[in-house]
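In the text below, chain A, chain B and the rest are named by the order of the sequence lines, each starting its count at 1. Excluded from the calculations below are hydrogen atoms, water molecules and symmetry mates; all remaining heavy atoms, backbone and side chain alike, are included.
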Number of protein chains: 2
Amino acid sequence: MLSKASEYAIRALVYIAIKNRDAMRPGYREISREIEAPEQFTAKILQTCVRKKLLLSVRGRGGGFFFDPESKPLSLIEIINAIEGMTLFTRCGIGLSRCSDTAPCPIHKEYAVIRDRYQQLTTNTTIDDLADKIISGEGVLNRITME
Amino acid sequence: MLSKASEYAIRALVYIAIKNRDAMRPGYREISREIEAPEQFTAKILQTCVRKKLLLSVRGRGGGFFFDPESKPLSLIEIINAIEGMTLFTRCGIGLSRCSDTAPCPIHKEYAVIRDRYQQLTTNTTIDDLADKIISGEGVLNRITME
DNA sequence: TTTTTTAAAGACTTTTTTGTCTTTTTATAT
DNA sequence: ATATAAAAAGACAAAAAAGTCTTTAAAAAA
């Protein structure tokens, strides 16, 4: 399960991507309101994303958050990695420190299949993919339906 | 990802199941040592399992933890549920409070597949299954190889 | 140049999870 | 009966995660 910080990050970045398509750069107040996340905590998380170069920001009047249109599509796993690291995808299913293919815990194989599929999903899914779904109406992001 | 408490619980109960097969009732000192978990924290977790009827215990000399041989096989999900609840299996992949099949978040379907598979795995896997694997040498539980 | 609006930064607080310590209760052995 | 060995119970502490508050920096508009 993702940390709340990762969840907020993904929702925030999807919101930003959607707004960017209309040439708008939302600020953290608007973002947090629309994705229903705590305002200052959202600001913190976005700061982290900017520091880790997932996102750009400008300060001052008319400022806000936006993606570099040149940069390659951003996958969910990059966001997760920036916010909480990769332990989710490497940790043993029952917490053994020395669990591995050669010395597997008793659910190693079965758990690894699921964990790897989750890793594939987050690797292959991009923020733009999610933004597309919101815009086409295939998915929702709480208050925004984006009509 | 499971909480540490759930991980310790599963490892502890597997250890107990293995020892029970040799008619032994380990205490929390032995258990925590063998599964490499904090002693008092392990005791707390085992207390919870006993309170929730997943496990039996006797106090005093020669006491320790053991399973009712009459009771039906204990699945991992029952342990997880007792220790941390079911949110892992119900929560939206990106934390939307109102995510559902009718109002899905943009990764709802794909995430649900993985989450449901994990639920199936923990539902269909029992403590005895894991104990079998340890005993047959197919899996390890840290320090115990159980020769 | 001053005001306004915005993000950045950092200290701080709260809550949850993880973990420890001490005392009490219960069972057994001597 | 008394000592001993175990779990139960509950208060406490530490660490991590989540969240808030205040000040600073930067950009644009007035």
Side-chain angles (χ1 to χ4, degrees), chain A residues 1-13 15-16 19-20 24-33 35-67 80 82-85 87-88 91 95 97, chain B residues 1-13 15-16 19 24-33 35-67 80 82-85 87-88 91 94-95 97:
Chain A
M1 204 164 42
L2 296 180
S3 66
K4 293 206 172 185
S6 293
E7 292 175 352
Y8 295 152
I10 292 170
R11 275 149 60 191
L13 298 201
Y15 181 80
I16 293 166
K19 284 302 202 175
N20 282 182
M24 291 188 281
R25 301 169 167 180
Y28 68 82
R29 272 168 245 272
E30 175 186 343
I31 296 166
S32 61
R33 183 175 5 95
I35 67 169
E36 295 181 20
E39 190 173 285
Q40 295 295 326
F41 193 41
T42 303
K44 268 285 151 62
I45 292 163
L46 290 173
Q47 255 179 58
T48 303
C49 292
V50 170
R51 245 186 292 110
K52 303 236 171 156
K53 316 278 191 192
L54 304 182
L55 188 66
L56 298 173
S57 67
V58 281
R59 301 185 185 190
R61 239 180 220 245
F65 296 92
F66 61 103
F67 291 99
I80 294 166
I83 302 295
E84 61 175 282
T87 52
L88 189 53
R91 188 175 176 78
S97 48
Chain B
M1 203 161 46
L2 296 179
S3 66
K4 293 206 173 187
S6 294
E7 292 175 351
Y8 294 152
I10 292 170
R11 275 149 60 190
L13 299 199
Y15 182 80
I16 294 166
K19 284 301 202 177
M24 289 187 283
R25 299 169 170 179
Y28 67 82
R29 272 168 245 271
E30 174 186 343
I31 296 166
S32 62
R33 183 175 5 95
I35 67 168
E36 296 181 18
E39 190 174 285
Q40 295 294 329
F41 194 40
T42 302
K44 268 285 149 64
I45 291 164
L46 290 173
Q47 254 180 57
T48 303
C49 291
V50 170
R51 246 186 290 109
K52 301 235 172 158
K53 316 278 191 193
L54 304 183
L55 188 66
L56 297 173
S57 67
V58 282
R59 300 185 186 190
R61 240 180 219 248
F65 296 92
F66 61 104
F67 291 99
I80 295 167
I83 303 294
E84 61 175 284
T87 52
L88 188 54
R91 189 175 175 77
I94 57 172
S97 48

Where the side chain of [X] is defined as all heavy atoms beyond and including C-beta, which of [options] is the nearest nucleotide?
| X | options | value |
| --- | --- | --- |
| B:Arg51 | C:dG19, D:dA9, C:dT5 | D:dA9 |
| B:Lys4 | C:dG19, C:dT5, C:dT22 | C:dG19 |
| B:Pro38 | D:dA8, C:dT4, C:dG19 | C:dG19 |
| A:Arg61 | D:dT4, D:dC21, D:dA29 | D:dA29 |

Does A:Tyr8 put a side-chain nitrogen or oxygen below 4.0 Å from OP1 or OP2 of D:dA18?
-> no

Take atom [atom1] of [X] and atom [atom2] of [N], then tell me their distance rounded to the nearest Å.
| X | N | atom1 | atom2 | result |
| --- | --- | --- | --- | --- |
| B:Leu88 | C:dT17 | CG | P | 13 Å |
| B:Tyr28 | C:dG19 | OH | P | 16 Å |
| B:Arg29 | D:dA6 | CZ | P | 7 Å |
| B:Phe66 | D:dA6 | CZ | P | 15 Å |
| A:Leu46 | C:dA9 | CG | P | 13 Å |
| A:Phe41 | D:dA18 | CZ | C1' | 5 Å |
| B:Arg59 | C:dT25 | CZ | C1' | 5 Å |
| B:Arg25 | D:dA6 | CZ | P | 13 Å |

Does the distance from a Lys or Arg side-chain N to an Asp or Glu carboxylate O, for A:Glu7 and B:Arg91, drop under 4.0 Å?
yes

- Message: Do the side chains of A:Glu30 and A:Arg25 get close enough for a salt bridge, i.e. N-O under 4.0 angstrom?
- Response: no

Under 4.0 angstrom, heavy atoms only, what part of the nucleic acid is B:Gly27 near: base, sugar-phosphate, or nothing?
-> sugar-phosphate

Next item on the list: Check whether the side chain of B:Gln47 and the base of D:dA9 form a donor-acceptor pair under 3.5 Å.
Entry: yes

| Where the side chain of A:Lys52 meets the backbone of A:Ala82, is there a donor-acceptor pair that is under 3.5 Å apart? |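 Yes, because the side chain of A:Lys52 sits within donor-acceptor range (under 3.5 Å) of the backbone of A:Ala82.
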
- Item | Side-chain (B:Ser32) to main-chain (B:Tyr28) donor-acceptor, under 3.5 angstrom |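 Flag set: sc B:Ser32 to bb B:Tyr28 pair under 3.5 Å.
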
Tell me, do B:Phe66 and B:Val58 make a side-chain contact under 4.5 Å, heavy atoms counted? yes

- For A:Thr42 and for B:Ser57, locate the closest nucleotide of DNA chain D by heavy-atom distance; then report the residue assigned to the nucleotide nearer the 5' terminus.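 Looking at DNA chain D, the more 5' nearest nucleotide goes with B:Ser57.
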
